[in-house]
*Asks:* 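Sending over a structure as structure tokens; questions will come in a sec.
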Amino acid sequence: QVVLVESGGGLVQAGGSLRLSCAASGRSFTSYTMGWFRQAPGKAREFVAAIRWSGGTTNFADSVKDRFTISGDNAKNTVYLQMNLLKPEDTAVYYCAASTSIVVAPAEKLFQYWGQGTQVTVSS
């Protein structure tokens with residue numbers, strides 16, 4: 001059984017930073033693509049970033065490019081989302097997701113497994 005557990009969310013002022021973690025368990029994820037999505041109140045869930053664990057290919061939403069980075073620690077089966085220069089519009093519940101697809105694409109339908117989410121709130 002695949003389990004994804006997010007942590008690291010919280011309240012931060014605009015311009016600040018947070019690092020989200022996603023601990024994955026249940027199988028080997030070396031062939032997986034791991035992603036982060038977010039959902040703001042009243043809005044649809046949207047893609048944030050993804051990384052192919054094997055090879056390290058990454059993909060970012062234009063809205064977070066140059067501010068967020070994604071990385072993985074194979075030994076810990078953990079994926080990180082480093083968020084810098086946070087803006088109030090980054091406020092959302094952030095979800096970790098895992099995909100068996102080799103394509104690092106911003107497509108929610110490609111991701112089969114999801115975590116429960118962690119709240120990120122950015123105050124102005």
Side-chain angles (χ1 to χ4, degrees):
Q1 180 183 1
V2 174
V3 177
L4 305 175
V5 179
E6 304 97 335
S7 61
L11 174 64
V12 64
Q13 287 188 329
S17 299
L18 280 176
R19 188 177 79 158
L20 304 184
S21 300
C22 172
S25 62
R27 62 185 61 182
S28 171
F29 291 89
T30 54
S31 63
Y32 277 57
T33 294
M34 304 298 293
W36 288 95
F37 291 76
R38 66 187 182 186
Q39 187 168 21
K43 295 188 177 181
R45 189 156 56 186
E46 64 176 4
F47 170 79
V48 176
I51 184 169
R52 178 78 178 151
W53 221 315
S54 175
T57 301
T58 59
N59 195 347
F60 294 91
D62 288 342
S63 59
V64 306
K65 205 171 293 184
D66 301 325
R67 298 189 297 123
F68 291 11
T69 59
I70 186 171
S71 61
D73 185 331
N74 287 340
K76 296 182 178 180
N77 256 11
T78 299
V79 176
Y80 303 99
L81 183 69
Q82 177 66 44
M83 306 185 294
N84 299 324
L85 299 175
L86 283 161
K87 304 174 181 180
E89 51 263 44
D90 294 318
T91 295
V93 177
Y94 283 71
Y95 297 91
C96 176
S99 168
T100 56
S101 172
I102 63 172
V103 179
V104 186
E108 186 172 333
K109 64 182 180 180
L110 294 178
F111 290 82
Q112 295 92 349
Y113 306 102
W114 294 83
Q116 292 300 306
T118 185
Q119 176 70 46
V120 171
T121 303
V122 184
S123 63
S124 57

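All heavy atoms count here, side chains included; hydrogens, waters and symmetry mates do not.
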*Asks:* Have a look at Leu11 and tell me which of Val122, Leu18, Thr121 forms a side-chain contact (heavy atoms from CB on, under 4.5 Å) with it.
*Replies:* Thr121

*Asks:* Which class fits the ring pair Trp114 and Phe37: parallel under 30°, tilted 30 to 60°, perpendicular over 60°?
*Replies:*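 Ring orientation of Trp114 relative to Phe37: tilted.
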
*Asks:* Is a side-chain N or O of Thr78 found less than 3.5 angstrom from the main chain of Lys76, in a donor-acceptor match?
*Replies:*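 The answer is yes, because a donor-acceptor pair under 3.5 Å joins these two groups.
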
*Asks:* Which heavy-atom pair separates Ala14 from Ser124 by the least distance, and what is that distance?
*Replies:*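 The pair with the smallest heavy-atom distance is CB-CA, 4.4 Å.
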
*Asks:* Is there a path of hydrophobic side-chain contacts, each under 4.5 Å between heavy atoms of I/L/V/M/F/W/Y residues, joining Tyr95 to Tyr113?
*Replies:* no

*Asks:* Any idea which heavy atoms bring Ser71 and Ile51 closest together, and the distance?
*Replies:* CA-CD1, 4.0 Å

*Asks:* Between Ala50 and Thr33, what is the shortest heavy-atom contact and its length?
*Replies:* CB-CG2, 4.2 Å

*Asks:* Which residue, Met83, Gln82, Glu6, Arg38, forms the side-chain contact (heavy atoms from CB on, under 4.5 Å) with Leu20?
*Replies:*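 Exactly one candidate clears the test, Met83.
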
*Asks:* Could you tell me whether a side-chain N or O of Arg67 sits under 3.5 Å from a main-chain N or O of Leu85, the two making a donor and an acceptor?
*Replies:* yes

*Asks:* Can you see which heavy atom on Asn84 is nearest to which on Ser17, and at what distance?
*Replies:* OD1-OG, 2.9 Å

*Asks:* Nearest 0.5 angstrom please: Asp90 CG to Ser63 OG, how far?
*Replies:*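 It comes to 7.0 Å.
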
*Asks:* Count the heavy atoms of every other residue, nucleotide or ligand shown that sit under 6.0 Å from CD1 of Ile102, and state whether that count exceeds 12.
*Replies:* no

*Asks:* To the nearest 0.5 Å, what is the distance between CZ (Phe60) and OG1 (Thr69)?
*Replies:*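 Phe60 CZ to Thr69 OG1: 6.0 Å, rounded to 0.5 Å.
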
*Asks:* Check whether any side-chain heavy atom of Gln13 lies under 4.5 Å from a side-chain heavy atom of Leu86, and answer yes or no.
*Replies:* no

*Asks:* Return the minimal non-hydrogen interatomic distance between Ala105 and Phe47, and the atom names on each side.
*Replies:* O-CE1, 4.3 Å

*Asks:* Please determine whether residues Phe111 and Val64 belong to a single hydrophobic cluster, defined as Ile, Leu, Val, Met, Phe, Trp and Tyr linked transitively by side-chain heavy-atom distances below 4.5 Å.
*Replies:*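 In one cluster with Phe111: Val64, no.
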
*Asks:* In terms of heavy-atom contacts, does CD of Glu89 have more than 12 from other residues, nucleotides or ligands at under 6.0 Å?
*Replies:*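 Above 12, so yes.
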
*Asks:* Tell me whether Val48 shares a hydrophobic cluster with Val104, the cluster being built from Ile, Leu, Val, Met, Phe, Trp, Tyr side chains joined at under 4.5 Å.
*Replies:*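 No, because Val48 and Val104 fall into different hydrophobic clusters, even though each may have its own neighbours under 4.5 Å.
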
*Asks:* How about NZ on Lys65, more than 12 heavy atoms from neighbouring residues, nucleotides or ligands closer than 6.0 Å, or not?
*Replies:*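 Counting neighbours around NZ of Lys65, more than 12 heavy atoms of other residues, nucleotides or ligands fall under 6.0 Å, so yes.
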
*Asks:* Working to the nearest 0.5 angstrom, can you tell me the gap between Arg19 CZ and Ser21 OG?
*Replies:* 5.0 Å

*Asks:* Which heavy-atom pair separates Ala24 from Met34 by the least distance, and what is that distance?
*Replies:* CB-CE, 4.4 Å

*Asks:* When you group the ILVMFWY residues by side-chain heavy-atom contacts below 4.5 Å and let the links chain together, are Tyr80 and Trp36 in the same group?
*Replies:*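 Not linked; separate clusters.
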
*Asks:* List the steps, then state whether side chain to side chain donor-acceptor pair (under 3.5 Å) holds for Thr100 with Gln112.
*Replies:* CA-CA 8 Å; Thr100 56; Gln112 295 92 349; 2.9 Å; yes

